[in-house]
Amino acid sequence: QVQLVESGGGLVQAGGSLRLSCTASGRTFRTYPMGWFRQAPGKEREFVAANAWSGGNAYYADSVKGRFIISRDNAKITVYLQMNSLKPEDTAVYYCAASGRRSSNILVSAEYDYWGQGTQVTVSS
């Protein structure tokens, strides 16, 4: 049984930083896509960041480019999202996602097979 468990969310002031972590159990995703999505109240879930395999190129939504960094620790089967210069519009529930297959479009939520439970990030102005 594959599980993704997220941690690291919380309340932070605008301009601050948070680091989200997502640890997988049940299998390794070293050569498969892992990413982060978010969903704000009243909005659809949107892509934030992903990479197709550990060490592969990282992709970011335009809204977070230059502020967020995705990285992985293969030994811990963990993917991180370092979030800097946070803005109130970054407030959302953040979800970790992993795919059990190689994907042609890792920016799309439908390409992912496994999801974490979500962690709340709130940025105050």
Side-chain angles (χ1 to χ4, degrees):
Q1 183 103 11
V2 175
Q3 282 191 314
L4 303 179
V5 179
E6 299 134 338
S7 61
L11 173 64
V12 65
Q13 288 189 329
S17 298
L18 283 174
R19 188 175 81 155
L20 305 183
S21 301
C22 171
T23 299
S25 61
R27 64 168 290 172
T28 178
F29 293 97
R30 187 172 60 86
T31 59
Y32 294 98
M34 294 189 79
W36 292 91
F37 290 76
R38 69 186 180 186
Q39 187 167 18
K43 295 188 177 181
E44 293 187 353
R45 188 171 299 188
E46 64 175 3
F47 168 77
V48 176
N51 56 17
W53 61 85
S54 182
N57 289 337
Y59 298 89
Y60 298 95
D62 288 343
S63 58
V64 307
K65 204 170 292 183
R67 300 188 296 122
F68 291 12
I69 301 172
I70 187 172
S71 62
R72 299 203 208 184
D73 182 327
N74 290 330
K76 298 179 181 179
I77 320 178
T78 298
V79 60
Y80 303 97
L81 185 68
Q82 177 66 44
M83 306 186 294
N84 301 319
S85 302
L86 282 160
K87 304 175 181 180
E89 51 263 44
D90 294 318
T91 295
V93 177
Y94 284 70
Y95 296 91
C96 170
S99 176
R101 52 202 158 87
R102 290 181 176 83
S103 170
S104 60
N105 188 355
I106 62 173
L107 279 61
V108 176
S109 61
E111 295 293 309
Y112 293 86
D113 304 302
Y114 308 102
W115 292 85
Q117 80 284 1
T119 185
Q120 176 70 46
V121 171
T122 302
V123 184
S124 64
S125 57

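All figures in this text were calculated on a predicted structure; none of them were measured in a lab. Counting begins at 1 with the first residue of the sequence.
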Output, in order, the C-alpha distance, side-chain angles, deciding distance and verdict of side chain to side chain contact (heavy atoms under 4.5 Å, CB included) for Q82 and S17.
-> CA-CA 7 Å; Q82 177 66 44; S17 298; 3.9 Å; yes

Lys/Arg cation over aromatic W115: R45, 6.0 Å, 45° cone = yes

Report the C-alpha distance between W36 and F68 in whole Å, list the side-chain angles of each, state the deciding distance to 0.1 Å, and finish with yes or no for side chain to side chain contact (heavy atoms under 4.5 Å, CB included).
-> CA-CA 11 Å; W36 292 91; F68 291 12; over 6 Å; no

Grab the two heavy atoms, one from S125 and one from A14, that are nearest each other, plus how far apart they are.
-> CA-CB, 4.4 Å

Listed partners of E46 passing salt bridge (charged side-chain N to carboxylate O under 4.0 Å, His left out), at least two apart | R38

Under 4.5 Å between any side-chain heavy atoms of V79 and I70, yes or no?
-> yes

Is the shortest heavy-atom distance from the side chain of Y95 to the side chain of T119 under 4.5 Å?
-> no

Any sub-3.5 Å donor-acceptor pair from R27's side-chain atoms to Q3's backbone N or O?
-> no

Do you know the tightest heavy-atom contact between K43 and Q39?
-> O-NE2, 3.1 Å

Check: R72 and F29 side chains under 4.5 Å, non-hydrogen atoms | yes

Quick one: do the T122 and Q120 side chains pair a donor with an acceptor below 3.5 Å?
-> yes

Neighbour count >12 (heavy atoms, 6.0 Å) for atom NZ, K76 | no

Using atom types as modelled and distance alone, determine if a side-chain donor or acceptor of D113 lies under 3.5 Å from a backbone N or O of G100.
-> yes

Taking it one step at a time, do T78 and T23 satisfy side-chain hydrogen bond (donor to acceptor under 3.5 Å, both in side chains)?
-> CA-CA 4 Å; T78 298; T23 299; 3.0 Å; yes

Is K87 salt-bridged to D90, going by a charged N under 4.0 Å from an acidic O?
-> no

Kindly indicate whether the side chain of V48, heavy atoms from C-beta on, has any atom under 4.5 Å from the side chain of L81.
-> yes

Do we get R30 above Y32's six-membered ring, with its NZ or CZ under 6.0 Å from the centre and within 45° of the axis?
-> no

Could you state whether Y114 and M34 fall into the same hydrophobic cluster, counting links through intermediate Ile, Leu, Val, Met, Phe, Trp or Tyr residues with side-chain heavy atoms under 4.5 angstrom apart?
-> yes

Stepwise, does the side chain to side chain contact (heavy atoms under 4.5 Å, CB included) test hold for Q13 with V123?
-> CA-CA 5 Å; Q13 288 189 329; V123 184; over 6 Å; no

Might you point out which heavy atoms bring L4 and C22 nearest each other, and give the distance in Å?
-> CB-SG, 3.8 Å

L86 side chain reached by L18 side chain, heavy atoms, under 4.5 Å = yes

Pair F37 and Y112, ring centroids less than 6.0 Å apart = yes

Heavy atoms only: give me the nearest N105-E111 pair and the separation to one decimal.
-> O-CG, 3.0 Å

Can the ring centres of F47 and Y60 be said to be less than 6.0 Å apart?
-> no

Check the hydrophobic clustering (I, L, V, M, F, W, Y; side-chain heavy atoms under 4.5 Å; chains of links allowed) and say if I69 and V12 are grouped together.
-> yes

Is a donor on one side and an acceptor on the other found under 3.5 Å between the side chain of T31 and the backbone of W53?
-> no

Give a yes or no on whether the backbone of G118 and the side-chain of E6 come within a donor-acceptor separation of less than 3.5 Å.
-> yes

Say whether, by atom type as modelled, one donor and one acceptor occur between the side chain of R67 and the main chain of S85 under 3.5 angstrom.
-> yes

Got L20 and Y80 here, is their nearest side-chain heavy-atom distance under 4.5 Å?
-> no

Side-chain heavy-atom pair N51, P33 within 4.5 angstrom cut-off | no

